[in-house]
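Reading through the structure tokens given below for one structure.
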Protein chains: 2
Amino acid sequence: MKAPAQRPELIDEKATECCSLASSPLGAGEAERMTAKLKALSDPTRLRLLSHIAAQGCDAVCACDLLDVLDISQPTVSHHLKKLVDAGLLTREQRGKWAHYTVVRGAFTELRELLDLR
Amino acid sequence: MKAPAQRPELIDEKATECCSLASSPLGAGEAERMTAKLKALSDPTRLRLLSHIAAQGCDAVCACDLLDVLDISQPTVSHHLKKLVDAGLLTREQRGKWAHYTVVRGAFTELRELLDLR
DNA sequence: AGGTCATATAGATGTCCGTCAATGTAAAAT
DNA sequence: ATTTTACATTGACGGACATCTATATGACCT
């Protein structure tokens, strides 16, 4: 009687720490929290809006300037900026009738660490 | 006659390079390409699958082991693994009747650079 | 050959999301 | 006070997506 086919053996050498994802498997809550920021970045329009603000030193940029740059309607720009603020990637500041948006310093460090493959 | 209200002045000091996003505003194509990978990461289930593979050294992990770990159906696991492969974050390798998935080294460097706020 | 096991694919369903036109709001200008 | 300007909110619509059940594929075992 031959030995039955067994499942491929699980490697449980304590894991060679190939990345910070490796430190320990993500729980449901943790995963949800990380994907909240990732989702906010996962839209071409939002990524371009962010890059335009970043391209001016990550300092406060008027929403009016962002409207000129991409070929989308004003409500859509407003919608996306709100999403970026809600995700903690931008802050909003009202100056008179203008709204200014600023990149949150350090907002990406957590994500960058998550993706820190070695 | 008073001077008309003007838009808040645009800061065009060559941008203080606050992050790699800042180097230049992303074009439509570039943004689309970056969000492809980000979208693949923007689901809690996929992020957890990835983290389980990473937690074993980013080496080949049998799909059967991943099925045990999360409380979702087998087709759903298969679906998500395919998406991660399509995004270039995992590679698939068939061994007999088992499928093994491996984290692609360096798949995240581009993303990490994108998020490299200083 | 027939059966079982691991995984993929197909189809269906409900939910989320990006976009827009229309409208609301609030500040500034006339 | 009325109008204009900047921006947000609402509601509608179409497409994308996560998940499931059911079925197909393909490898191994007897």
Side-chain angles (χ1 to χ4, degrees), chain A residues 1-10 28 31-32 35-50 53 60-87 90-101, chain B residues 1-10 28 31-32 35-36 38-50 53 60-87 90-102:
Chain A
M1 182 199 200
K2 279 200 303 186
Q6 68 252 10
R7 281 178 155 208
E9 78 287 349
L10 209 61
E32 204 99 28
T35 50
K37 277 187 182 176
L38 286 169
K39 273 181 210 279
L41 290 172
S42 294
D43 178 85
T45 302
R46 280 196 291 273
L47 206 53
R48 295 185 71 190
L49 287 173
L50 246 182
I53 300 176
V61 168
C62 176
C64 54
D65 294 325
L66 297 169
L67 181 51
D68 294 341
V69 158
L70 302 182
D71 200 27
I72 52 181
S73 72
Q74 175 269 320
T76 301
V77 172
S78 188
H79 166 75
H80 285 306
L81 290 173
K82 180 170 171 40
K83 286 216 151 187
L84 289 168
V85 169
D86 290 347
L90 291 182
T91 55
R92 197 190 103 105
E93 180 196 357
Q94 188 89 31
R95 296 187 194 166
K97 63 178 170 177
W98 290 285
H100 289 247
Y101 291 87
Chain B
M1 180 196 202
K2 280 200 303 186
Q6 67 253 10
R7 284 180 152 201
E9 78 289 349
L10 210 62
E32 204 99 30
T35 50
L38 286 169
K39 271 182 212 279
L41 291 171
S42 295
D43 178 86
T45 302
R46 281 195 290 272
L47 206 52
R48 296 184 71 190
L49 287 173
L50 245 182
I53 301 177
V61 168
C62 177
C64 53
D65 294 326
L66 298 170
L67 181 51
D68 295 340
V69 160
L70 303 183
D71 200 29
I72 52 180
S73 71
Q74 175 269 321
T76 302
V77 172
S78 189
H79 166 75
H80 284 304
L81 290 173
K82 179 168 170 42
K83 285 216 152 188
L84 288 169
V85 169
D86 289 347
L90 291 181
T91 55
R92 198 191 101 105
E93 181 196 356
Q94 188 88 30
R95 297 187 194 167
K97 61 179 170 178
W98 289 285
H100 289 247
Y101 290 87
T102 307

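Chain letters run A, B, ... following the sequence lines, proteins first, then strands; residues in each count from 1. Just the heavy atoms: all of them, side chains too, but no hydrogens, waters or symmetry mates, feed the values below.
Taken residue by residue, residues 74-84 of chain B places heavy atoms nearer than 4.0 Å to DNA chain D at Pro75(B), Thr76(B), His79(B), His80(B), Lys83(B).
Residues satisfying the salt bridge (charged side-chain N to carboxylate O under 4.0 Å, His left out) test with Glu32(A), not counting sequence neighbours, are none.
The shortest distance between the side-chain N/O atoms of Tyr101(A) and the OP1/OP2 oxygens of dC7(D) is not below 4.0 Å. Between Ser73(B) and the phosphate of dC20(D), there is a side-chain N or O to OP1/OP2 separation shorter than 4.0 Å.
Counting to the nearest Å, the P atom of dA8(C) and the NE2 atom of His100(B) are 11 Å from each other. What separates CG of Leu38(A) from C1' of dC17(D) is a distance of 17 Å, to the nearest Å.
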Every protein N/O within reach of nucleotides 25-27 of chain D N/O, cut-off under 3.5 Å:
none

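Within 4.0 Å (heavy atoms only), Arg95(A) reaches no atom of the nucleic acid at all.
Screening Leu90(A), Leu50(A), Thr76(A), Asp86(A) against Leu81(A) for a side-chain contact (heavy atoms from CB on, under 4.5 Å) leaves a single residue, Leu90(A).
Residue-to-nucleotide proximity on DNA chain C shows that, of Arg92(B) and Asp71(A), the 5′-proximal contact is made by Arg92(B).
Not one N or O on the side chain of Arg92(A) forms a donor-acceptor pair closer than 3.5 Å with the backbone of Lys82(A). Side-chain N or O atoms of Ser42(A) include one that pairs as donor or acceptor with a backbone N or O of Leu38(B) at under 3.5 Å. No side-chain donor-acceptor contact under 3.5 Å links Lys83(A) to the backbone of Ala40(A).
Distance check: His100(A) NE2 to Leu66(A) CG gives 10.5 Å after rounding to the nearest 0.5 Å.
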